[in-house]
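In what follows, a structure is listed as structure tokens, so that the remarks can point back to it.
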2 protein chains.
Amino acid sequence: MTDSIDLSAKFADWQAVGLDATQCPIRDVLDQLGDKWTTLIVIALAAGARRFSALNRQIPDISKRMLTQTLRDLERDGLITRHVFPTKPPSVEYQLAPLGRSLLDPLATLIGWSERHHAEIKQSRSRFDASID
Amino acid sequence: MTDSIDLSAKFADWQAVGLDATQCPIRDVLDQLGDKWTTLIVIALAAGARRFSALNRQIPDISKRMLTQTLRDLERDGLITRHVFPTKPPSVEYQLAPLGRSLLDPLATLIGWSERHHAEIKQSRSRFDASID
DNA sequence: CGGTATCCCGAGGGATACTG
DNA sequence: CAGTATCCCTCGGGATACCG
């Protein structure tokens, strides 16, 4: 069994409300997932709870600023939880909430597709760029 | 059977190459899918071939400029094909290539998730925002 | 350690006007 | 009709410095 829905039918529904950004899940949810760091952080947390600086090390080129902000957005959406341990140097741990874990499978499906077709896409890009004399 | 892959294992692989943007499918493929208009256009084309202005009407708030650009990127990646009919007023038709159609299922899975949890996410956002006194 | 607070730049993307 | 060409401006996000 699949989770597949009829995209064309859904699109028709959303068109009926003018593709309003707050009512259309594509725009209200996927726009968040589609930002520069969100999926990377969710995947990093798939293996278990991680501390702030551990995440920062696992994703080398994210700045503390964007890590903080993206984690906060994920917490706001209920995808992750944040636990503060009142140790002398404070320590904060992030982990996937049930909602966040439920995202892993759909995400894995999409990333599986990306991986399988990555080479093909890169080839297509090369051909396209070469054809522009 | 599922297309699911082990995200944690994959993440470890990608970390090994420093999450390099050109080698990591998350960054090289999903960043494109995650832009403002790509998924919307793919879904609009799920129902069949569409002409430029038809797409423009179906997605009301996209500009011709961004529609052109996003369609070109999709063509470059091999997800859609472009057919020009040499009529008196030129007419151009876009449709999903096999590669693009193969994306529909993974996309439907993710959008299905978004739809099922949209209300829950909006609630979480409200609670979070309210808790910031 | 786990953030905030600033400053700042470049790209994404809207509006408008023109063209084959 | 299906774009291109400009102009312009917002804002995502990097760099740096500071704080409890």
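All heavy atoms count here, side chains included; hydrogens, waters and symmetry mates do not. Every chain is numbered from 1 and lettered A, B, ... according to where its sequence line falls, protein lines coming before strand lines.
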Least distance between heavy atoms, Arg51(B) atom then Pro90(B) atom = NH2-O, 4.4 Å
Heavy-atom side-chain proximity of Leu107(A) to Trp113(B) below 4.5 angstrom = no
Would you say the side chain of Leu67(A) lies within less than 4.5 Å of the side chain of Phe52(A), judging by non-hydrogen atoms?
-> yes
Starting from the first five and the last five pairs of the helix from dC1(C)-dG20(D) to dG20(C)-dC1(D), work out the angle between the resulting helix axes, to 10 degrees.
-> 50°
When you check the side-chain N and O atoms of Tyr94(A) and Arg50(A), is any donor under 3.5 Å from an acceptor?
-> no
Residue whose closest nucleotide on DNA chain D lies nearer the 5' end, Pro90(A) versus Val92(B) | Val92(B)
What's the CG-P distance between Asp35(A) and dC11(D), to the nearest Å?
-> 16 Å
Solution key, residues 28-45 of chain B side-chain donor-acceptor pairs under 3.5 Å, sequence neighbours excluded:
unit_1: Asp28(B); atom_1: OD1; unit_2: Arg125(A); atom_2: NH1; d: 3.2
unit_1: Asp28(B); atom_1: OD2; unit_2: His118(A); atom_2: NE2; d: 2.7
unit_1: Asp28(B); atom_1: OD2; unit_2: Arg125(A); atom_2: NH1; d: 3.2
unit_1: Asp35(B); atom_1: OD1; unit_2: Trp37(B); atom_2: N; d: 3.3
unit_1: Asp35(B); atom_1: OD1; unit_2: Thr38(B); atom_2: N; d: 2.9
unit_1: Asp35(B); atom_1: OD1; unit_2: Thr38(B); atom_2: OG1; d: 2.6
unit_1: Asp35(B); atom_1: OD2; unit_2: Thr38(B); atom_2: OG1; d: 3.0
unit_1: Thr38(B); atom_1: OG1; unit_2: Gln32(B); atom_2: O; d: 3.2

Do Glu75(B) and Thr81(B) have side chains that get closer than 4.5 Å, going by heavy atoms?
-> no
So, with a heavy-atom separation below 4.0 Å from DNA chain C, the residues of residues 36-47 of chain A are none
Residues forming a side-chain contact (heavy atoms from CB on, under 4.5 Å) with Ser53(A), sequence neighbours excluded | Arg57(A)
Whole-Å distance separating the CD atom of Gln32(A) from the C1' atom of dC11(D) | 14 Å
Side chain to side chain, Leu104(A) and Leu7(B), heavy atoms closer than 4.5 Å | yes
Report yes or no: do Leu55(A) and Phe85(A) belong to one cluster of Ile/Leu/Val/Met/Phe/Trp/Tyr joined by side chain heavy-atom distances under 4.5 Å?
-> no
At a 4.0 Å cut-off to heavy atoms of chain A, the contacted part of DNA chain C spans dC1(C) to dT6(C)
Would you check, one step at a time, whether the test side chain to side chain contact (heavy atoms under 4.5 Å, CB included) holds for Ile5(B) with Glu115(A)?
-> CA-CA 10 Å; Ile5(B) 55 175; Glu115(A) 235 197 337; 3.9 Å; yes
Tell me, with the steps shown, if Phe11(B) and Ile111(A) meet side chain to side chain contact (heavy atoms under 4.5 Å, CB included).
-> CA-CA 11 Å; Phe11(B) 186 70; Ile111(A) 291 177; over 6 Å; no
Single-linkage hydrophobic cluster, 4.5 Å side-chain cutoff, Val17(B) and Ile121(A) together | no
Identify the heavy atoms of Ile62(B) and Asn56(B) that sit nearest to each other, and give their distance.
-> O-ND2, 3.3 Å
Got a sec? Which of residues 51-81 of chain A come in under 4.0 Å of DNA chain D, heavy atoms?
-> Ser63(A), Arg65(A), Met66(A)
Would you classify Phe85(A) as touching base, sugar-phosphate or nothing, given that sugar-phosphate means primed atoms plus P, OP1 and OP2, and contacts are heavy atoms under 4.0 Å?
-> nothing
